[in-house]
Structure formats: C-alpha cells, structure tokens
Amino acid sequence: MYQKVKGTQDFYDEVARKFRYLQKVITDVISKFGYEEIITPVFEHTEVFVRSSGEESDIVSKEMYTFKDKGDRSLTLRPEGTAGVVRSYIENKMYANATLKKFYYLGPMFRYERPQAGRYRQFYQFGVEAFGPSTAFLDVDVIISAWEIFRALGIENVELQINSIGDFSSRTSYASVLKEHFAPHLDTLCPDCKRRYDKNPLRILDCKADSNHPAMKTAPRIANSLSFDARAYFEKVLKILEAGNIPYRVNDNLVRGLDYYTDTVFEFIYTGDDEFKNLALGAGGKYANLVPSFGGPDLPGIGYGMGIDRIIAIMEKQGLFPELKNKPAFVLLSLDEDSKIYSLKLAQMLRSAGFSAELDYLNYNLKPQFKLVERLDPAFIAIIGEEERNSRKITVKNNKTKEQTSVREEELLAYLKENLNENA
Ligand code: HAM
C-alpha cells in the first residue's frame, strides 16, 4: 500500500468542498478590489527563487524542492508565489500598458519544512501582488483586502502585526549596527548565523536555532535605523490604517523570512487559544527592489500570501463553515432494466436543464436504492416502473414533506423550477 508523501494532504468529500468554498469567498472579495487572476507555473528556474528570497533565507538554504530536469537545468517547485509572478510581470512586459497592475493567485507551494499542526510540505497559498508607484494608500488597501477576507470567512482572533524594515539605506545602516552588536557573540552563534553575519546579518534575527541566544534579546531594533523618509512613510501607513478602523499592533521584531521586503511588512497572527495559536494565517509586505533586480523597471510591488490549509483547519475548529453537503435535486429509483434506461434519459434531461440528478446504476430492488436516497438526501425522488415509463407520468415525492404529486414528463422541469427552493 502506498502512502502519501509526508507533509502532504488529500482533500476529498467535505474537506474538498471546504477548500472550494474558501476559494469562492476569497475570490469574490478580492475581485471587488480589482484584482485579476494570474496562473504561473508550479516550477521555475531555481535562480528565480534564489535571487528573490535570498540565499540566506531558510526557504532557499533549507526548504526548496530543487531538481535537475533531463536537459540538466536546475528547476525548483515554487516555495512561494511572489517570485514567479514578478518573473511573469516582467517577462510579459505587463508594466508597459498599465501603471497599476493587481494580481491574485491560488495554488500549491512546496517547502521542505518539518510538518506539524498547520505546517505542510505541499500547502496552498492564496496571494496577491500589486505593482505600481509607491504609495502608503496602496499598502493599506492591500492590507484591508486581507482583513476583508478574514471578515468574510468569519475568522476573528486575528491580529494584524505590522512593522517597517525601511528602504535600502535604512537596511544598510541597520545591517552594520547589527554586525557591531553580534561581533562579540560570533563564537557562540550557530554555524548558519556565522555565515549570515557576513552575507546578510538581518537573517540572524530570523534564526530558529539561536532564537533564545541572549544576544538576540538585546539586539538593536530596526526602528532606530529607519531613515527620515522610511519613518515618514511608515507613519503615514499607520495613520491611514487608523482612519480605516483597522486594528493593528506594531511589532518591531517583525523582519520576515524573505529578503525582498522593503518598508511595510505585516503578518496576520492567529490568537485563538488552541494548537494553532501564534500561527501566521497570512503575511506579506512591500518590495521596492525586486522588479528592478529581475531586469524590470524601477517599480515597487506589494502583496501577501495566506495559508489556505491553516485557514481550513482553524475554521473547522471554530465551526465556521456553513453546511456544504452537495444534495442532488432529484434521485430516480427504477424497478427494471427498461425503467433504468428511461431514468437515465430523465436524469439527462434534468441535468441539461441545470438540476442535479442521480440514479442507482445497479439495483432493481428498492431497499438498496433507498439506501442511496438516505445517503444523498435529495429534494425529490421518483420511483420509475413499467407504468410510469409507459404513461410518461411520474410520481414525484418531496423527500422532506413526503408529499406526492403526479407530474407529466414534459411538465417535470417546470414543476421542479417552481417547487425546488420553496418545498425542498
Ligand atoms: P510567507 O510568510 O512565507 O510569505 O508565507 C505566507 C503564508 O503562507 C504564511 O503566513 C502561512 O499562512 C502560509 N504558509 C507558509 N508556509 C507554510 C507551510 N509550510 N504550511 C502551511 N502554510 C504555510 C510568502 O510566501 C510571500 N510570498 C508572501 C508575499 C506575497 N509577500 C509579498 N507578496
């Protein structure tokens, strides 16, 4: 017997319906904000992720599913959505005819992480990316769109944490302050951090192995290294958030695990009191240098990703899904072979008129056919035998009220249209 790969999931029945429900609610909300779907490949040239997330990020250094194809190219299953969207935006010169371009995507991402509650190796992310001139209004509108999605799904217990990691000059001066701070502790830091110290000292703050190292707690905050412009920008973002009544908490430890961010960064943290506490339901930020560093124009982008798997798990826990059973409108039971042939025709007629119809394919006895009725719980049923098939008159039974009505075949559609929602 084969088993699924560790850290992956099968979605079927109720959970598959929950997945699609989430997709529908989310895409309904996001399309009101003017986002359009973008579908990019599940794998890209490895370089796309290395250049964007950064060599020293956990994603690139430890978590990528990278392989050589038969043409000896190094390819990687996407660990996140931003890099592929940026690659596509530039490759297709989408910047040429629009000043602002807003995309959303939903699809599988792959990270070789240690599986645990809400953490998988193949997981699904809904994400958005907006490309256009830098403005705090856009930053806040992006954050509001995520907030609206949580609201539409009914998820409370979410805290918006926000920070600024500054522009390029703020980051450069912060990197040198950090190096000065960690220099006397270099011997006691983990080997990864020793490397990060030279290559990208900001990543030290993100280290899981050294998270309890005393020097971590006393590390200088990026807030003190922000340039005048970066600070003014951040203050504006906060002011607009307040005007929009979006509650937030400034978390000055928030640096994010990917290298491409500049200025505004944020996470939506689950605060419920269960095993998912403190998990990020979504996270993102602005990236001013990613588009130009991929060879595009000097335009920033901003976006976020949301963990669909986590959101499903939390909504299940909190009982936030509506009933999602797929009840058919009609189930046809039939007593002999010719009646089954007739039932199949009737079912086809119903389906092409937009009603869902099912029938038992195997049995002529009623007992097992009623089992099907029990399982599917349709709005209406009909038993088709010789009499019905010859007279083309069907006794339609309302499965809830148990009322029976004799309906001629040619009137069946009209009968259902009239009675389906009111009586079933
Ligand atoms: P990220 O913080 O790496 O950002 O991931 C975003 C969200 O994906 C997380 O907050 C979490 O909900 C979900 N997630 C991440 N890893 C896993 C996992 N192993 N299992 C389940 N869920 C997971 C990004 O990916 C950026 N691309 C977001 C972004 C878009 N920034 C700008 N634009």
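Read the numbers this way: they start at 1 and go in the same order the structure lists the ligands and their atoms.
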With sequence neighbours excluded, what pairs up with Gln122 under the side chain to side chain donor-acceptor pair (under 3.5 Å) test?
Tyr124
For [atom], which protein heavy atom lies nearest, and how many Å away is it?
atom: atom 26 (C) of ligand 1; answer: Tyr260 OH, 3.3 Å
atom: atom 3 (O) of ligand 1; answer: Arg111 NH2, 2.8 Å
atom: atom 21 (C) of ligand 1; answer: Gly118 O, 3.3 Å
atom: atom 7 (C) of ligand 1; answer: Gly305 O, 3.6 Å
atom: atom 27 (N) of ligand 1; answer: Glu80 OE1, 2.5 Å
atom: atom 9 (C) of ligand 1; answer: Ala280 O, 4.0 Å
atom: atom 5 (O) of ligand 1; answer: Gln125 NE2, 3.2 Å
atom: atom 33 (N) of ligand 1; answer: Glu129 OE1, 2.8 Å

Enumerated ligand 1 atoms positioned under 4.0 Å from heavy atoms of [X]:
X: Arg310; value: 11 (C), 12 (O), 17 (C), 21 (C), 22 (N), 23 (C)
X: Arg119; value: 19 (N), 20 (N)
X: Thr82; value: 26 (C), 27 (N), 29 (C), 30 (C), 31 (N), 32 (C), 33 (N)

Salt-bridged, [X] to [Y], with N to O below 4.0 Å?
X: Lys371; Y: Glu374; answer: no
X: Glu242; Y: Lys239; answer: no
X: Asp58; Y: Arg196; answer: yes

Distance flag, aromatic centroids of Phe268 and Phe150, threshold under 6.0 Å
yes
Would you please name every residue forming a side-chain contact (heavy atoms from CB on, under 4.5 Å) with Arg73, sequence neighbours left out?
His45, Asp69, Leu75
For Asp309 and ligand 1, answer yes if some heavy atom of the residue is under 4.0 Å from a ligand atom, otherwise no.
no
Return the CD1 to NZ distance between Ile312 and Lys317, rounded to the nearest 0.5 Å.
15.5 Å
From Asp167 atom CG to Arg231 atom CZ, the distance as rounded to the nearest 0.5 Å
11.0 Å
Does Lys179 make a cation-pi contact with Tyr197 (under 6.0 Å, within 45 degrees of the axis)?
yes
Residue portion contacting ligand 1 (non-hydrogen atoms closer than 4.0 Å) for [X]:
X: Leu258; answer: side chain
X: Glu113; answer: side chain
X: Arg256; answer: side chain

With a cut-off of 6.0 Å (strictly less than), are more than 12 heavy atoms of other residues, nucleotides or ligands near CZ of Phe168?
no
Nearest candidate to atom 31 (N) of ligand 1, where distance is taken over non-hydrogen atoms, out of Tyr124, Phe123, Tyr261:
Tyr261
Give the single entry among Ala283, Gly303, Gly282 that approaches atom 28 (C) of ligand 1 most closely by any heavy atom.
Ala283
